[in-house]
Asker: 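Dumping the structure here so I can ask a few things about it.
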Amino acid sequence: MSANGSVVVGDAYDVSNNQNAFRWTAGVMTNLGTLGGTTSVANLVSADGSVVAGYAYNASNNQHAFRWTSAGGMVDLGTLGGGTGSYSSAMSADGSVVVGVSQNNSGNQNAFR
């Protein structure tokens with residue numbers, strides 16, 4: 001939830017029973033989409049509610065961290081070389097910095113910024 005409670009993020013099931021990230025504000029729930037797969041989850045929002053982060057599955061069914069804005073949409077934050085996954089775990093108040101965990105080429109989990 002944003003600092004003043006006007007924006008809420010999370011995930012909900014669409015009409016095809018796919019789990020999708022959403023952003024709710026002013027009584028309207030907006031589906032944030034995916035990275036080409038069928039699932040996305042929003043778990044972070046900036047203090048003013050303008051930036052959302054979480055994870056989504058791409059077309060190869062790999063989980064990747066994302067950062068979303070209304071201007072840029074959902075942007076894949078990639079991995080640290082390992083193809084199978086990353087996720088967002090924290091974000092700065094203004095949404096400019098996202099941190100999380102990603103798999104590297106050796107298959108180990110490492111922090112990213």
Side-chain angles (χ1 to χ4, degrees):
M1 181 182 318
S2 64
N4 70 2
S6 66
V7 177
V8 176
V9 301
D11 55 277
Y13 288 88
D14 65 16
V15 295
S16 300
N17 206 34
N18 295 316
Q19 185 178 8
N20 279 205
F22 72 82
R23 178 178 180 265
W24 176 92
T25 187
V28 177
M29 182 184 282
T30 302
N31 185 335
L32 302 184
T34 69
L35 295 172
T38 59
T39 302
S40 61
V41 173
N43 58 354
L44 304 166
V45 63
S46 61
D48 70 358
S50 65
V51 182
V52 178
Y55 64 88
Y57 286 84
N58 62 19
S60 300
N61 204 36
N62 294 318
Q63 177 183 304
H64 284 202
F66 74 80
R67 181 178 179 272
W68 177 94
T69 63
S70 60
M74 188 178 285
V75 175
D76 188 340
L77 299 182
T79 69
L80 294 173
T84 61
S86 64
Y87 64 89
S88 304
S89 58
M91 180 170 40
S92 61
D94 69 358
S96 65
V97 177
V98 176
V99 298
V101 176
S102 175
Q103 188 176 49
N104 65 18
N105 284 329
S106 301
N108 298 317
Q109 298 290 317
N110 292 112
F112 76 82
R113 177 176 188 254

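Position 1 is the first residue of the sequence, and the numbers go up from there. Just so you know, these numbers come straight off a predicted model, no measurement behind them. Keep in mind that the numbers below use all heavy atoms, side chains included, and drop hydrogens, waters and symmetry copies.
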Asker: Of all the heavy-atom pairs spanning G81 and N105, show the shortest one and how long it is.
Answerer: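 In this case the closest contact between G81 and N105 is O-OD1, 2.7 Å.
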
Asker: Can you measure from CG (D11) to CG (L32) and round to the nearest 0.5 angstrom?
Answerer: 10.5 Å

Asker: Taking all non-hydrogen atoms of both residues, which atom of S40 and which atom of G33 are closest, and how far apart?
Answerer: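 Residues S40 and G33, closest heavy atoms: OG-O, 2.6 Å.
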
Asker: Test of understanding: clusters of I, L, V, M, F, W, Y form through side-chain heavy atoms closer than 4.5 Å, transitively. Do V7 and V41 belong to the same one?
Answerer: no

Asker: Hey, any chance V9 and V75 share a hydrophobic cluster, counting ILVMFWY side chains that come within less than 4.5 Å of each other, even indirectly?
Answerer: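 No; V75 is not reachable from V9 via cluster members.
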
Asker: Do you know which two heavy atoms are closest between V98 and S88, and how far apart they sit?
Answerer: CG1-OG, 3.5 Å

Asker: Could you grab the distance from atom CG of D94 to atom CG of D48, nearest 0.5 Å is fine?
Answerer: 8.5 Å

Asker: Taking atom NE2 of H64 and atom CG of N58, what is their separation to the nearest 0.5 Å?
Answerer: 4.5 Å

Asker: To the nearest 0.5 Å, tell me how far S86 OG sits from D76 CG.
Answerer: 7.0 Å

Asker: For the residue pair V52 and F66, what are the closest heavy atoms and their distance?
Answerer: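 Looking at all heavy atoms of both residues, the shortest contact is O-CE1, 4.0 Å.
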
Asker: Are Y87 and F112 linked, directly or through other ILVMFWY residues, by side chains that come within less than 4.5 angstrom of each other?
Answerer: no

Asker: Please list every donor-acceptor pair under 3.5 Å in which a side-chain atom of residues 22-29 meets a protein atom from a residue at least two apart or in another chain.
Answerer:
unit_1: R23; atom_1: NE; unit_2: G49; atom_2: O; d: 2.9
unit_1: R23; atom_1: NH2; unit_2: G49; atom_2: O; d: 3.0
unit_1: T25; atom_1: OG1; unit_2: S6; atom_2: O; d: 3.2

Asker: By side-chain hydrogen bond (donor to acceptor under 3.5 Å, both in side chains), which residues pair with N43, not counting sequence neighbours?
Answerer: none

Asker: Only counting residues at least two apart or in another chain, list the ones meeting side-chain hydrogen bond (donor to acceptor under 3.5 Å, both in side chains) with Y57.
Answerer: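 Y57 satisfies side-chain hydrogen bond (donor to acceptor under 3.5 Å, both in side chains) with Q63 only.
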
Asker: Evaluate the criterion side-chain contact (heavy atoms from CB on, under 4.5 Å) for residue pair N20 and T34; output intermediate values, then yes/no.
Answerer: CA-CA 7 Å; N20 279 205; T34 69; 4.0 Å; yes

Asker: Keeping S102 on the side-chain end and L80 on the backbone end, is there a donor-acceptor pair under 3.5 Å?
Answerer: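 The answer is yes, because a donor-acceptor pair under 3.5 Å joins these two groups.
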
Asker: Enter the distance from Y55:OH to N62:CG here, rounded to the nearest 0.5 Å.
Answerer: 14.0 Å

